[in-house]
Amino acid sequence: MNVARIEAEAGAALLHWYDAHARQMPWRVGPAARATGQRPDPYRVWLSEVMLQQTTVAAVRGYFERFTALWPDVLALAAAPDAQVMGEWAGLGYYARARNLLKCARAVRDLHGGRFPADHDALLALPGIGRYTAASLGAIAFDLPLTVVDGNVERVMARLFAVEQPLPGAKPALTDRAAALTPKLRPGDHAQAVMDLGATICTPRRPACGICPLMDLCMARAEGRAAELPRKLAKKPKPVREGVIFVGRRADGAWLLEERPPSGLLGGMLGWPGSDWLPAGEGGADAPPSVPPVPPVAADWRMLDAGLRHTFTHFHLHLCVQIARLPQGSLPTRGRFLEPGAFRRSDLPTVMRKAHDLALPALDAIEPGFR
DNA sequence: AACTCGTGGTT
DNA sequence: TAACCAAGAGT
């Protein structure tokens with residue numbers, strides 16, 4: 001097998017396979033409808049692409065349906081209150097995406113008359129749209145002949161051309177390979193074909209080479225090494241951080257919550273007040289913190305026996321949860337009360353949901369006749 | 001360039 | 001079960 005033959009034949013083989021095996025998605029126009037001239041809504045393509053960044057299709061589906069039901073077009077989204085959008089995004093992770101989603105919708109409204117620009121550089125200039133999303137949106141929604149490179153494309157190219165160099169260093173070489181395969185005629189379908197292949201056949205762990213449309217072209221498969229590629233540099237171990245979190249409820253059922261700072265970890269999201277989350281202490285495994293955490297309001301705070309564990313991208317978190325019933329006239333130094341009608345568990349990021357779920361039965365035990 | 005930034009499913 | 005993994009962007 002040689003590079004020239006792969007570059008000559010792989011593109012057509014992929015499109016042929018895609019015409020028969022394309023996955024159906026709520027934001028997609030399938031290859032048959034596409035051939036009749038139908039085009040996907042750029043708003044829906046953009047929304048799906050942002051949600052799909054580092055996120056599985058299964059996790060995205062429900063969020064996509066809720067977002068498009070609440071905000072059917074980019075102008076509706078641009079007019080939405082920040083807190084509502086953040087609440088709807090809660091649980092999906094990488095919350096900078098939600099902040100940039102709103103910034104982008106408003107930029108499309110204010111700078112582009114409410115329509116996504118059919119131009120690579122203009123797309124790239126929008127908040128939250130980087131190299132991948134600009135290329136995929138341009139190719140899928142506007143038929144621009146752009147090369148889309150995501151994790152799927154990297155994996156398929158590494159195997160097809162048996163690239164031994166590990167990621168992330170191999171990224172430029174893999175991008176060059178992908179560019180050589182990108183057709184001028186159906187760049188969007190081509191991009192979606194590679195992603196579908198990567199998601200269903202050329203999978204990370206156990207690729208189904210026996211049913212792959214590129215099996216006769218793939219250099220790694222010829223050498224029986226497809227599953228070993230792409231190579232990746234070892235990742236750094238995750239340190240442990242510790243903290244304390246305060247879950248307080250007033251007699252009328254109102255919860256004491258705060259909006260987190262607009263940037264950084266869980267930025268702009270709702271959360272329980274608490275201490276900073278610092279690297280686990282040197283003085284023994286579960287030694288108490290040298291400086292006791294400051295509660296958001298004076299009350300009879302009680303430490304729950306069971307702690308909480310949660311893993312973020314780059315550290316493990318161990319949290320102690322304190323709970324208290326708060327008097328009706330409480331004046332907190334941090335946060336504000338959200339009455340039961342204004343509080344939804346689903347507005348919380350996952351780590352805060354975990355704290356809520358631990359605290360709720362304990363608070364009900366303190367206050368048995370509540371409600 | 002290296003680091004930050006979530007989560008749920010799979011192995 | 002701990003590690004790995006998924007349609008990356010911003011700084």
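In what follows, chains carry the letters A, B, and so on, assigned in the order in which the sequence lines appear, proteins first and then strands, with residues in each chain numbered from 1. Remember, it's a predicted structure, so these values are computed and weren't measured experimentally.
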J.: Distance check, P atoms only: C:dT11 and B:dG6, in whole angstrom units.
T.: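 Between the two P atoms, the distance is 14 Å.
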
J.: Taking atom types as modelled, find out whether A:Gln165 and A:Arg231 have a side-chain donor-acceptor pair closer than 3.5 angstrom.
T.: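 No, because no side-chain N or O of A:Gln165 sits under 3.5 Å from a partner of the opposite role on A:Arg231.
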
J.: Mapping A:Asp196 and A:Asn100 to their closest nucleotides on DNA chain C, which lands nearer the 5' end?
T.: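 Nearest-nucleotide comparison on DNA chain C picks A:Asp196.
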
J.: Side-chain N or O of A:Lys236 less than 4.0 angstrom from OP1 or OP2 on C:dA3?
T.: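 No, A:Lys236 has no side-chain N/O under 4.0 Å of OP1/OP2 on C:dA3.
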
J.: Walking along DNA chain B from 5' to 3', note the first and the last nucleotide with an atom under 4.0 Å from a heavy atom of chain A, and give both.
T.: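 Here the contact window of chain A covers B:dC3 to B:dT11.
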
J.: Can a salt bridge be assigned to the pair A:Asp82 and A:Lys103 using a cut-off of 4.0 Å between side-chain N and carboxylate O?
T.: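 Looking at A:Asp82 and A:Lys103, the cut-off is not met.
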
J.: State plainly whether the residues A:Arg34 and A:Asp143 are in salt-bridge range, i.e. N to O under 4.0 Å.
T.: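 The answer is yes: the pair qualifies as a salt bridge.
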
J.: Between A:Arg97 and A:Thr55, is there a side-chain donor-acceptor contact under 3.5 Å, judged purely by atom types and distance?
T.: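 Present: a donor and an acceptor within the cut-off.
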
J.: Please name all residues satisfying salt bridge (charged side-chain N to carboxylate O under 4.0 Å, His left out) with A:Arg23, sequence neighbours left out, ordered by chain then number.
T.: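 For A:Arg23 the salt bridge (charged side-chain N to carboxylate O under 4.0 Å, His left out) partners, ignoring immediate neighbours, are A:Asp196.
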
J.: So, does A:Arg155 get its side chain near the phosphate of C:dA6, meaning an N or O under 4.0 Å from OP1 or OP2?
T.: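 For A:Arg155, the contact criterion (side-chain N or O under 4.0 Å from OP1 or OP2 of C:dA6) is met.
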
J.: Please answer whether the main-chain N or O of A:Gly248 pairs with a side-chain N or O of A:Arg325 as donor and acceptor at a distance below 3.5 Å.
T.: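 No; judged by distance alone, with no hydrogens or angles, the pair does not exist.
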
J.: Is there a donor-acceptor contact under 3.5 Å linking the side chains of A:Lys354 and A:His310?
T.: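 A:Lys354 vs A:His310: donor-acceptor pair found between side chains.
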
J.: Indicate yes or no: at least one non-hydrogen side-chain atom of A:Trp27 is less than 4.5 angstrom from one of A:Phe64.
T.: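 A:Trp27 vs A:Phe64: side chains touch.
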
J.: Going by number, which of residues 39-62 of chain A have a non-hydrogen atom under 4.0 Å from DNA chain B?
T.: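 Only A:Gln54, A:Thr55 qualify.
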
J.: Contact class for A:Lys354 vs. all strands (heavy atom < 4.0 Å): base, sugar-phosphate, or nothing?
T.: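 A:Lys354: no heavy atom of the nucleic acid under 4.0 Å.
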
J.: Under a 4.0 Å N-O cut-off, is there an ion pair linking A:Asp357 with A:Arg345?
T.: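 Yes.
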
J.: Which ones in residues 130-138 of chain A lie close to DNA chain C, meaning a heavy atom under 4.0 Å from one of its atoms?
T.: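 Heavy-atom cutoff 4.0 Å gives A:Gly130, A:Arg131, A:Tyr132, A:Thr133.
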
J.: From the options C:dA6, C:dA3, C:dG8, select the nucleotide whose nearest atom is closest to the side chain of A:His316.
T.: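 The closest nucleotide is C:dA3.
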
J.: Quick one: side chains of residues 107-129 of chain A, donor-acceptor pairs under 3.5 Å with protein atoms, not counting sequence neighbours, listed by atom name and distance.
T.:
from     : atom 1 : to       : atom 2 : distance (Å)
A:Asp119 : OD2    : A:Asp121 : N      : 3.2
A:Asp119 : OD2    : A:Ala122 : N      : 2.8

J.: When you measure from every atom of DNA chain B, which of residues 85-97 of chain A have a heavy atom less than 4.0 Å away?
T.: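 Within residues 85-97 of chain A, the residues near DNA chain B are A:Gly91, A:Leu92, A:Gly93, A:Tyr94, A:Tyr95.
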
J.: Can a donor-acceptor pair be found between the side chains of A:Tyr132 and A:Gln53 at a distance below 3.5 Å?
T.: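 Side-chain D/A pair, A:Tyr132 to A:Gln53: absent.
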
J.: If you look at every strand shown and take non-hydrogen atoms under 4.0 Å, does A:Gly267 touch a base, only sugar-phosphate, or nothing?
T.: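 Answer is nothing: A:Gly267 stays at 4.0 Å or more from every strand.
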
